[in-house]
Amino acid sequence: MTIGTDTVTWTLSGFGDEIDTDPRIQIAVLKALGSEHIEVRSAWGTNVVDLDDDQLAALATLLSSEGMKASAVASPIGKVDVSLDADLEVARLRRIIRVAHALNTPNIRIFSFFRAEGVPVADIRDDVMTRMRLLADEAEREGVVLLHENEKDIYGDTPERVLDLVESVGSSALRLAWDSANFVQVGVTHPHDAGYAMLRPYLDYLQIKDADAASGSVVPAGQGDGQVLATLTALRDDGYTGFASLEPHLDEAHTLGGFSGPTAFGQAARAFDGLLRSIGVSTK
């Protein structure tokens, strides 16, 4: 689409480990889909928080040699119970920041903590804010950006609590990644209507997946109830120029991530591309 003389173009990325455990295969599939970026959650079956120095150096060299760049490090930070020692998660973030620096990306995906079964969400608010402030302080010092994902069953899993989180912490180093499917899966049946306007000022990153409200199943973008097309259209009209990262979860999903395989990943990419073409947005 052309607005004035400017073509609307977003940068395509994807969770490499949704394709395969081997980063060479991850890169090959993403390249075949026209992407020059990858979101790194694990490599060779090892989560980013556990990569040793040799693995990290090998991954950085591989990306560079293949002409691939990291759009973000998809960390597990904040995907733990809020009752755990806050300093432990700050220490884990320091390890993740080392990964982000090595891969030359400022972007780190994070979460806002689980709670024990039966604990009301309101009861963990203050502890969550304390921990998120500590994480944001570390990010500010290190020049990285924390992208909060609205994961299921964490504090920030509904639009209202995501807004509370980002405004209460009030850090330039804490921004938002939007995930339509996760909103649907916690009962936000019209996520665009319910949350887009309030969260857009803080939204810097887009994760691409959709979900069926009745079953909770993750489906390709545009085939569920996540109002993905409405959100894409609004982002186009708002002048969004950032990343769109494929996270299909079409084969399996679990606490620390999900998997699709090359074939299903390609199906998810084609579904997303069809939506973009319908509104005149291209990717690079």
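Computed from a predicted structure; not experimentally measured.
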Undergrad: Going from CD1 on I97 to CZ on R92, what distance comes out if it is rounded to the nearest 0.5 angstrom?
TA: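 Answer rounded to 0.5 Å: 13.0 Å.
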Undergrad: Please confirm whether the backbone N or O of H192 pairs with a side-chain atom of Q227, one donor and one acceptor, at under 3.5 Å?
TA: yes
Undergrad: For residues 112-124, which side-chain donor-acceptor pairs fall under 3.5 Å, sequence neighbours excluded?
TA:
unit_1	atom_1	unit_2	atom_2	d
S112	OG	H148	NE2	2.8
S112	OG	G156	N	2.8
R115	NE	V119	O	2.9

Undergrad: To the nearest 0.5 Å, what is the distance between CG (L59) and CG (D54)?
TA: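 Reported value, rounded in 0.5 Å steps: 12.5 Å.
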Undergrad: Apply the test side chain to side chain donor-acceptor pair (under 3.5 Å) to residues Y155 and D164: give CA-CA distance (whole Å), side-chain angles for both, the deciding distance (0.1 Å), then the verdict.
TA: CA-CA 10 Å; Y155 179 81; D164 178 32; 2.5 Å; yes
Undergrad: Can we say R141 and D137 salt-bridge, meaning some charged N sits less than 4.0 Å from an Asp/Glu carboxylate O?
TA: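 Not counted as a salt bridge, because no side-chain N and carboxylate O are separated by less than 4.0 Å.
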Undergrad: Can K79 and E151 be counted as an ion pair, charged N to O under 4.0 angstrom?
TA: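 Looking at E151 together with K79, the answer is yes, because their closest N to O distance falls below 4.0 Å.
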Undergrad: Classify the ring geometry of F243 against Y205: parallel below 30°, tilted from 30° to 60°, perpendicular beyond 60°.
TA: tilted
Undergrad: Which value, rounded to the nearest 0.5 Å, describes the distance between Q26 atom CD and T21 atom OG1?
TA: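 Here the interatomic distance stands at 7.5 Å.
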Undergrad: Look at the side chain of S64 and the backbone N and O of A60, then say whether any donor-acceptor pair between them is shorter than 3.5 Å.
TA: no
Undergrad: To the closest 0.5 Å, what do you measure between CG (L174) and CD (E140)?
TA: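 Atom-to-atom, L174:CG and E140:CD are 9.5 Å apart.
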Undergrad: Begin with the C-alpha distance, continue with both residues' side-chain angles, and end with the deciding distance and a verdict on side chain to side chain donor-acceptor pair (under 3.5 Å) for S245 and R109.
TA: CA-CA 12 Å; S245 186; R109 187 271 310 262; over 6 Å; no
Undergrad: Any ion pair linking R94 and E142 (charged N to carboxylate O, less than 4.0 Å)?
TA: no
Undergrad: Rounded to the nearest 0.5 Å, what separation is found between the OG1 atom of T189 and the CG atom of D225?
TA: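 If I round to the nearest 0.5 Å, the distance is 8.0 Å.
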